[in-house]
Amino acid sequence: MRCSTQLQVLVFQLSKSRQTLPNIKQLHAFIAKTHLSIDPFYATRLIRFYALNNDLESARHLFDETPHRTVYVWNSIIRAYAQANKFHDAMWLFNAMRGSETMPDNFTFACVLRLCCENFVVGGLRGVHGSVVVAGLGWDYVCCSALVNAYARVGMIGDARRVFSGVREPDLVLWNSVVSGYGICGKWEEGLELFSVMRIRGIRPDGYTLVGIITGLGDPGLVRIGQGIHGFCLKCSLDCSPHVSSAILSMYSRLMCMDSACRVFDTLCQPDLVTWSSLITGFSQCGDNKMALVFFRNMIMEGGKADPILIACALAASAQVAMVGAGSEIHGYAIRHDYASDVMVSAALIDMYPKCGFLGLGIQVFRYTPRRNVVSFNSIISSLGLYGLPSEAFDMFGELLGEGLKPDEYTFSALLCSCSHAGLVNDGRRFFTRMTDEFSIIAKTDHYVHMVKLLGMAGELEEAYNLVQSAPEPVDPEIWGALLSCCDVHKNTEMADNVAQRLFGIEPGKDTYRVMLSNIYASDGRWDDAKQLRDNVIGGRQKKMPGLSWTEV
DNA sequence: GTAGGGTTAG
């Protein structure tokens, strides 16, 4: 009797559309007091409700109090932890479930697979894949789409494709997962190929499909393809979906077609944070930082709220154009919205102020940042280096180590840059060795460029040449280019010839380097070589070659 | 007897 009344109360409470957390808690406490065990059906609904309100603790309490745990009850608690990205708790519960009487179903596996890929736990992914197969769910649509997505997100597109190919008649979601998988991995050609196969087989694409293809288009050379896909969306009226139009907008941003991006933006009835961000970062990437700042301001004026990522981006735009007024205004916005101590924001501030000519303010922000991390240190070290204060930069590096932080590739890039600016050859050599030997960081293009400039400008051309030769293939042309400009400074024609051979082997079309080399030849009196190079550069275009005019033969 | 659950943009 009491039990059924209880249930009726629950049904009544839960059927009311807008519940509040205190209401539900009160109800929960009441049930606990009566020592009635909650029916698994209601337990599931309550756990989901708690999870939605970010009250994991109550969700867990309720779960613990529920003796009869159906697969729904288990899934709701595992999902609650997974969505809060509590990897270890969720995995612990998943394993507990496997030891219980209730076996995981396809939705449990799907949830855990997503959790593994979000945390880049490839071993876990493989393990769960194995369990899926053992459970006889190797051909289940839900499991397979989760597997395809998870493998693609950790960059294992081959495995994703194998899972997909194992399903005889994929449904729309599974098609979408594999198409977007290729998009995630930047393999737009394969994505497009599958898209046509899917259409041949009579599967009607939806918004997810198009978004999947569009995400793969990042190269500015793909404008025509992007426009074609946009046209397809218009034809199928898929552009009405906010997700699709937002993806198209950010595609145009990535393709550096800001006019098209703006046109799409104007058609949106309610641009959200992500669409504003796509547009603003798009302008910034195109080098139109002033426009990026204008749109940032428009967004705020229209009542939009920026998050730390966008604030950091707007600060970077201010730094690029050295507009301290805009930068400090955004700083004020960040303080008012309690984002000033966010790691991304403070690192952007530490970078912005010095670039606008206010090194002191950058240092001040750095000193007042409560939870400094390696990114904040990198910003301040590189600023000090740019101001020609290498020993202060080195001290900061010492402070970083003193705080128990681990330097990364950007730290060393900033340090080597400081050395290069100040011509500190020995310090540069030391940092380069420490980077690889002590901190096991593999030298990247940036590091080689700084080292080559440092050694080359100091006249150590041989050492610089040997260093580049020791770099793993393929060597970025920028590195050889840096060495070539050092040969120019020291008028070392012999080495310039060597470098040119290596350089043009990789980058035949790079005019800047040919110009540089012809200058070297010209100053050495090798007019014919210089002239030949110049003809190569012009290649039919009537362009006056800079730097040669004064030695015109 | 009831239920949710796999794929979307910076």
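Just so it is clear, the model here is predicted, and its values are computed rather than measured. Every chain is numbered from 1 and lettered A, B, ... according to where its sequence line falls, protein lines coming before strand lines.
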Side chain of [X] - closest among [options]:
X	options	answer
Asn176(A)	dT7(B), dG4(B), dT8(B)	dT7(B)
Thr44(A)	dA3(B), dT7(B), dT8(B)	dA3(B)
Ser177(A)	dG6(B), dT7(B), dA3(B)	dT7(B)
Tyr72(A)	dG10(B), dA3(B), dT7(B)	dA3(B)
Asp39(A)	dT7(B), dG4(B), dT2(B)	dT2(B)

Taking [atom1] from [X] and [atom2] from [N], how many angstroms apart are they, rounded to a whole number?
X	N	atom1	atom2	answer
Leu279(A)	dG10(B)	CG	P	13 Å
Met251(A)	dT8(B)	CE	P	19 Å
Ile78(A)	dG4(B)	CD1	P	18 Å
Tyr42(A)	dA3(B)	OH	P	11 Å
His129(A)	dG6(B)	NE2	P	19 Å
Ile184(A)	dA9(B)	CD1	C1'	12 Å
Tyr182(A)	dT8(B)	OH	P	16 Å
Leu315(A)	dG10(B)	CG	P	21 Å

Could you list the donor-acceptor pairs under 3.5 angstrom formed by side chains in residues 284-293 of chain A, with sequence neighbours left out?
{"from": "Ser284(A)", "atom 1": "OG", "to": "Asn289(A)", "atom 2": "OD1", "distance (Å)": "3.0"}
{"from": "Asp288(A)", "atom 1": "OD1", "to": "Met291(A)", "atom 2": "N", "distance (Å)": "3.3"}

Original post:
Is a side-chain donor-acceptor pair under 3.5 Å present for His61(A) with Tyr50(A)?
Top reply: no

Original post:
Under the ring pair (Phe, Tyr, Trp, His ring centres under 6.0 Å) test, which residues partner Tyr410(A), sequence neighbours left out?
Top reply: none

**OP:** Examine dG10(B): is either OP1 or OP2 under 4.0 Å from a nitrogen or oxygen in the side chain of Arg254(A)? Give yes or no.
**Re:** yes

Subject >> DNA chain B contacts made by residues 187-216 of chain A, counting heavy atoms under 4.0 Å >> reply: Tyr208(A), Val211(A), Thr215(A)

Original post:
Near DNA chain B, which residues from residues 136-167 of chain A have a heavy atom under 4.0 Å away?
Top reply: Tyr141(A), Val142(A), Ser145(A), Asn149(A), Arg153(A)

Original post:
Does the ring of Phe41(A) meet both stacking tests against the six-membered base ring of dA3(B): centre distance under 5.5 Å and plane angle under 30°?
Top reply: no

[N] base / [X] side chain donor-acceptor hit below 3.5 Å:
X	N	answer
Ser246(A)	dA9(B)	yes
Asp171(A)	dG6(B)	yes
Ser277(A)	dG10(B)	yes

Residues 116-133 of chain A, side-chain donor-acceptor partners within the protein, below 3.5 Å, at least two apart:
{"from": "Glu118(A)", "atom 1": "OE2", "to": "Arg114(A)", "atom 2": "NE", "distance (Å)": "3.0"}
{"from": "Asn119(A)", "atom 1": "ND2", "to": "Asn85(A)", "atom 2": "OD1", "distance (Å)": "3.1"}
{"from": "Asn119(A)", "atom 1": "ND2", "to": "Leu115(A)", "atom 2": "O", "distance (Å)": "2.8"}
{"from": "Arg126(A)", "atom 1": "NH1", "to": "Tyr151(A)", "atom 2": "OH", "distance (Å)": "3.3"}
{"from": "Arg126(A)", "atom 1": "NH1", "to": "Asp159(A)", "atom 2": "OD2", "distance (Å)": "3.2"}
{"from": "Arg126(A)", "atom 1": "NH2", "to": "Asp159(A)", "atom 2": "OD2", "distance (Å)": "2.9"}
{"from": "His129(A)", "atom 1": "ND1", "to": "Tyr151(A)", "atom 2": "OH", "distance (Å)": "2.7"}
{"from": "Ser131(A)", "atom 1": "OG", "to": "Arg98(A)", "atom 2": "NH1", "distance (Å)": "2.8"}
{"from": "Ser131(A)", "atom 1": "OG", "to": "Gly127(A)", "atom 2": "O", "distance (Å)": "3.1"}

**OP:** For residues 152-189 of chain A, pull every pair meeting ring pair (Phe, Tyr, Trp, His ring centres under 6.0 Å), keeping only residues two or more places apart or in separate chains.
**Re:** Phe164(A)-Trp175(A)

**OP:** Can you run down the ring pair (Phe, Tyr, Trp, His ring centres under 6.0 Å) pairs that involve residues 304-326 of chain A, sequence neighbours left out, and say none if there aren't any?
**Re:** none

Taking distance alone, no hydrogens or angles, what donor-acceptor pairs closer than 3.5 Å link side-chain atoms of residues 224-236 of chain A to residues at least two apart or in another chain?
{"from": "His230(A)", "atom 1": "ND1", "to": "Tyr252(A)", "atom 2": "OH", "distance (Å)": "2.9"}

Subject >> Non-neighbouring partners of Glu190(A) that pass salt bridge (charged side-chain N to carboxylate O under 4.0 Å, His left out), sequence neighbours left out >> reply: none

**OP:** Answer yes if the ring centres of Phe296(A) and Trp276(A) are under 6.0 angstrom apart, and no otherwise.
**Re:** no

Subject >> Lys/Arg N to Asp/Glu carboxylate O, Asp64(A) vs Arg60(A), below 4.0 Å >> reply: yes

Subject >> Sugar-phosphate, base or nothing in reach of Leu172(A), heavy atoms under 4.0 Å >> reply: nothing

